[in-house]
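Heavy-atom basis, side chains included; hydrogens, waters and symmetry copies ignored. These figures come from a predicted structure and were not determined experimentally. Chain naming here is simple, since letters A, B, ... match the order of the sequence lines and numbering starts at 1 in each.
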2 protein chains.
Amino acid sequence: MEGMPTAQLHDTMDDVATLEDGRRVRGDVSRRAVMERAVNLASVEGLDGLSIGALAAESAMSKGGIVALFGTKEQLQLATVEAARQLFTETVITPALAAPAGLTRLRTLVEAWLDYSERRVFQGGCFFAAATAEMGTKPGPVRDAVAAAMDDWRDFVAGAVQRAIDAGDLSATVDPDQLAFEIIALLDGANAASVLRDTVEPYSRARSAISRLLP
Amino acid sequence: MEGMPTAQLHDTMDDVATLEDGRRVRGDVSRRAVMERAVNLASVEGLDGLSIGALAAESAMSKGGIVALFGTKEQLQLATVEAARQLFTETVITPALAAPAGLTRLRTLVEAWLDYSERRVFQGGCFFAAATAEMGTKPGPVRDAVAAAMDDWRDFVAGAVQRAIDAGDLSATVDPDQLAFEIIALLDGANAASVLRDTVEPYSRARSAISRLLP
DNA sequence: CCTACCGATCGGTAGG
DNA sequence: CCTACCGATCGGTAGG
């Protein structure tokens, strides 16, 4: 490992499969296994509540091992946000992109999101709703990473609306950013109410409100 | 508002020290001074991030002093939720009750809430939005207290919608619980986006969406 | 990846 | 309300 800023490189590279000394490869496998726990722990305890010691215990690993894999706590938090972003993309974005652009894609997107929240893909409900509330008031790289992920998500929804307008499915008078704001607010409202009260009823309310917006 | 706590009456009293149980009176004064800090600390750091030591430092008091005033950390958290509830009521509910029942009251309620969030009555934005996201996944008395406060709020909004229906301002086909859900989701969505990105633009989006719902 | 250890802070108690 | 103190846990380092 001498001279190689391993932890930094890993932040931007997932698949470093073949290396001569083998340690990097095992590191990647370990990283992925630990990340699965980290992402769920953080969705319940928060990104600040995600402690190195607790993560080590849940991963059957020593604290030193976690530190060796991820570096500082802030680097661990950033890796966790990135892992959550990837899981969110696979679960929500990918199914929507498989549907034809227009109203069909928008409806698929909404259903995929509601399903993602209701199925508790993250143990504590939507990871990013929790991270937004927690980090919104705490300036720094972690907040910036969460904000960037939320910007991407909002832009994706607004883009899907624009495509629906282009396809003639929605009126040209619709403001994509405005509609995206409303859809996201209703989705997040359902997630928050469902997690707090442990009911699925809010998902019906969100579905009903959004279907009025997407005629 | 009949159940006004006696603590608030001391505000206008000059000579509290002359009461026979002098320690209790000084305790009440201290409690309210500390609570002002606690509520803001918790809105930024979260209810779990609200530590006895940090609160003591911000209050120019010893840790032992905080413990003597509030007891365990859980009791401190419960007192903080209750103090936040009172401040929310004064800031949002009271102005709405001063307006005539019906659409006018509903619009006043929405404006009071948006103003409450934008003015950062709590340092970290809406206290209850943060508390909902944080405690929703952590069963216990504190989560129950947050959920009860949110239930009261939702019922109040739904009640205001029902009054507007009764007054003939809204169609009798409107479902008060559904409309309350949508209004609250849009308000919370504006709060979350504003805190995360440090913009006021989301408030305009919420205003525009809600005014479509309240014709 | 481990053990062993560091200073700081956590919630809470004892005694005044 | 204070000081003094408790065991546990925090993030992180050293050395292997």
Subject >> Pairing annotation in dot-bracket form, given for DNA chain C with Watson-Crick or G-U pairs under 3.5 Å and | for cross-strand partners >> reply: ||||||||||||||||
Original post:
To the nearest Å, how far apart are A:Asp28 CG and C:dC1 P?
Top reply: 10 Å
Original post:
Of the nucleotides C:dC1, C:dC2, D:dC2, which has the atom closest to the A:Ser62 side chain?
Top reply: C:dC2
**OP:** Take the protein atom CD of A:Glu45 and the nucleotide atom C1' of D:dT9, then report the distance between them rounded to whole Å.
**Re:** 14 Å
Quiz: residues 176-186 of chain B side-chain donor-acceptor pairs under 3.5 angstrom, not counting sequence neighbours:
from     : atom 1 : to       : atom 2 : distance (Å)
B:Gln178 : OE1    : A:Arg205 : NH1    : 3.0
B:Gln178 : NE2    : A:Arg205 : O      : 3.0
B:Gln178 : NE2    : A:Ser208 : OG     : 3.4
B:Gln178 : NE2    : B:Glu182 : OE2    : 2.7
B:Glu182 : OE1    : A:Arg212 : NH2    : 3.0
B:Glu182 : OE2    : A:Arg212 : NH2    : 2.4

**OP:** List in chain and number order the residues that pass side chain to side chain contact (heavy atoms under 4.5 Å, CB included) with A:Ala193, two or more places apart in sequence or in another chain; answer none if no residue qualifies.
**Re:** A:Arg197, A:Pro202
Original post:
Between A:Arg85 and A:Ala149, is there a donor-acceptor pair closer than 3.5 Å when you use the side chain of the first and the backbone of the second?
Top reply: no
Original post:
Does B:Arg143 reach the main-chain N or O of B:Met135 with its side chain, forming a donor-acceptor pair under 3.5 Å?
Top reply: no
Subject >> Between P of C:dT9 and CG of B:Leu55, the distance in whole Å >> reply: 16 Å
**OP:** Output the distance between atom OG1 (B:Thr137) and atom CZ (A:Phe122), rounded to the nearest 0.5 Å.
**Re:** 13.5 Å
Original post:
Is a side-chain donor-acceptor pair under 3.5 Å present for B:Gln86 with B:Glu82?
Top reply: yes
Which atom pairs link the protein and nucleotides 11-16 of chain C when you take only N or O atoms and keep those under 3.5 Å?
from   : atom 1 : to      : atom 2 : distance (Å)
C:dG11 : OP1    : B:Lys73 : NZ     : 2.8
C:dG11 : OP2    : B:Ile52 : N      : 3.0
C:dG11 : N7     : B:Lys63 : NZ     : 3.0
C:dG11 : O6     : B:Lys63 : NZ     : 3.1
C:dG12 : OP2    : B:Lys73 : N      : 2.5
C:dG12 : O6     : B:Lys63 : NZ     : 3.1

Original post:
Taking only residues at least two apart or on different chains, which pairs with a member in residues 113-125 of chain B satisfy side-chain hydrogen bond (donor to acceptor under 3.5 Å, both in side chains)?
Top reply: B:Asp115-B:Arg119, B:Ser117-B:Asn191, B:Ser117-B:Tyr203, B:Arg120-B:Ser194, B:Arg120-B:Tyr203
Subject >> Summary of side-chain hydrogen bond (donor to acceptor under 3.5 Å, both in side chains) pairs that have at least one residue in residues 41-51 of chain A, sequence neighbours excluded >> reply: A:Asp48-A:Gln77, A:Asp48-A:Lys138
